[in-house]
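Count residues from 1 along the sequence. The model shown is predicted, which means the values in this text are computed figures rather than measured ones.
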Amino acid sequence: MPAKGKHRRTRTGPISRGILAAGTGGAVLALPLIGATGANAAEQAAPAAKPAAQSAPAAAAKSTPRTYSVVAGDYLAKIAAKKHIKGGWQKLYKDNREVVGENPSLILPGMKLTLGAKASAAEATPSKASAPAEKPAEKPAEKTAAPAAEKTATTASSDSGASESTSSGYAAPVENPNVTTQYRASGASWSSGYHTGSDFQAASGTSVRSIGPGTVVSAGWSGSYGNEVVIQHSDGMYSQYAHLSSLEVSAGQTVTGGQQIGLSGSTGNSTGPHLHFEVRTGPSYGSDVDPIAYLRSHGVSI
């Protein structure tokens, strides 16, 4: 008969317990010990990999420059103002000269402009053809036809029968020009005692065009003239367009003869919708010359 006393069970280590479980038919119970260990290790390793994966998109986003797709009615000064480009339209043109070409006033819908970084030569070609990419066979035709279509549209918009001289590049400021108040007409309505320009009949919203190639000197509100645009031309003369209802150009922008610069209206000191048009030797009031005589000297029949 065994002696009385407490029976001390022999301690077993982790390995022995695993074997014991296997020996009692619990082989399945022994395996989770190994699986759990592997899972814990995987969970500990996973967080270390996440930051690297998250940092990659952030780095890519920082290195990718912003782009803008040109739409109808856009011009460089308008885009630069809307996108807050430091350096204005000049910086935007400098960065995208390979895309735009030699004429900064001729940008076509579908062009991809790089904002805030210089576009490379490699980016220039696909940017022009990116819109019709689904039709590769038509790319060559579209590249050559687009500038021609743009020029045709400009010519059509400035065409007014005998009002445009294609040889000089000058045009009347409105289609079918009809002068309602002549230059130098006298009267108390004008502070100078006479009319410093010529008034053209133009219902509100009529297209107003630059009479010739040049650079916009100012575009905005100008007291009694309301909304006005002043353009300096290549011969050193200036043209002024007043009482406009809306402006489509801004200072510093290059324009061509016949290009739309705004819409007629009755802003400022005006008795009704019309276009007040002046030609000057300087950009400011008081340097006026006969605007009709100037247009005729450039081949425009009025």
Side-chain angles (χ1 to χ4, degrees), residues 75-77 88-90 93 97 100-107 147 150-179 181-185 192 194-200 202 207-220 222 225 227-244 247-262 264 275-302:
Y75 48 88
L76 294 183
W89 72 270
Q90 294 93 336
Y93 175 52
R97 184 163 185 148
V100 176
E102 294 300 319
N103 188 353
S105 66
L106 184 60
I107 59 174
E150 181 76 10
K151 290 179 182 178
T152 302
T154 302
T155 303
S157 68
S158 61
D159 187 17
S160 56
S163 67
E164 181 183 6
S165 173
T166 55
S167 61
S168 67
Y170 277 71
V174 293
E175 287 189 18
N176 304 315
N178 178 26
V179 178
T181 304
Q182 297 289 346
Y183 175 62
R184 287 277 176 171
S192 60
Y194 69 91
H195 196 219
T196 55
S198 293
D199 286 349
F200 287 89
S207 174
V208 175
R209 307 165 302 181
S210 171
I211 60 168
T215 302
V216 177
V217 174
S218 63
S222 182
Y225 284 121
N227 291 320
E228 71 162 13
V229 173
V230 177
I231 298 173
Q232 182 179 22
H233 301 285
S234 56
D235 60 0
M237 299 295 283
Y238 296 77
S239 59
Q240 181 227 21
Y241 315 76
H243 306 309
L244 304 181
L247 307 177
E248 296 185 16
V249 293
S250 57
Q253 183 179 344
T254 302
V255 295
T256 57
Q259 179 178 332
Q260 181 169 302
I261 58 174
S264 64
L275 172 66
H276 175 83
F277 172 71
E278 292 187 21
V279 173
R280 302 167 172 173
T281 58
S284 304
Y285 172 83
S287 59
D288 51 276
V289 299
D290 188 339
I292 303 302
Y294 178 80
L295 287 172
R296 288 172 178 167
S297 72
H298 282 280
V300 180
S301 298
I302 296 180

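For P291 against S198, the heavy-atom pair with the smallest separation is CG-OG, 3.2 Å. For the pair P283 and V230, the tightest heavy-atom approach, listed with the atom from each and the gap, is O-CG1, 4.0 Å. A172 and I302 make their closest contact through CB-CD1, 4.3 Å (heavy atoms, listed as atom of the first residue, atom of the second, distance). Pairing each heavy atom of S239 with each of I211, the nearest pair is CB-CD1, 3.9 Å. Nearest heavy atom pair, residue A242 against residue Q240, reads CB-NE2, 3.9 Å. Between L275 and A202, the shortest heavy-atom contact is N-CB, 4.2 Å.
Ring pair Y170/Y294 is perpendicular by interplanar angle, where above 60° counts as perpendicular and below 30° as parallel. Aromatic ring pairs are classed by plane angle as parallel below 30°, tilted from 30° to 60° and perpendicular above 60°; the pair F277 and F200 is perpendicular. Relative ring orientation between H243 and H276 is described as perpendicular, the plane-to-plane angle rising above 60° on a 0-90° scale split at 30° and 60°.
For R97, the side chain to side chain contact (heavy atoms under 4.5 Å, CB included) partners two or more places apart in sequence, or in a different chain, are Y93, E102. Under the ring pair (Phe, Tyr, Trp, His ring centres under 6.0 Å) criterion, Y183 pairs with no residue at all, not counting sequence neighbours. Shown here are the side chain to side chain contact (heavy atoms under 4.5 Å, CB included) partners of T281, two or more places apart in sequence or in another chain: M237, S287, V289. Shown here are the side chain to side chain donor-acceptor pair (under 3.5 Å) partners of S210, two or more places apart in sequence or in another chain: there are none. Evaluation of the side chain to side chain donor-acceptor pair (under 3.5 Å) rule for N178 yields Q201 as partners, not counting sequence neighbours. Considering only residues two or more places apart in sequence or on other chains, Y238 meets the ring pair (Phe, Tyr, Trp, His ring centres under 6.0 Å) condition with none of them. Applying the side chain to side chain donor-acceptor pair (under 3.5 Å) test to S222 and every residue at least two apart in sequence or in another chain returns E228.
In this structure, R209 contributes its side chain and Q259 its backbone to no donor-acceptor pair below 3.5 Å.
Distance CD/Q182 to CD1/I292: 6.5 Å, rounded to 0.5 Å. H195 contributes atom NE2, which lies 7.5 Å from atom CD of E278 (distance to the nearest 0.5 angstrom).
No side-chain heavy atom of I261 sits under 4.5 Å from any side-chain heavy atom of V216.
Counting only residues at least two apart or in different chains, salt bridge (charged side-chain N to carboxylate O under 4.0 Å, His left out) contacts with residues 288-302 are absent.
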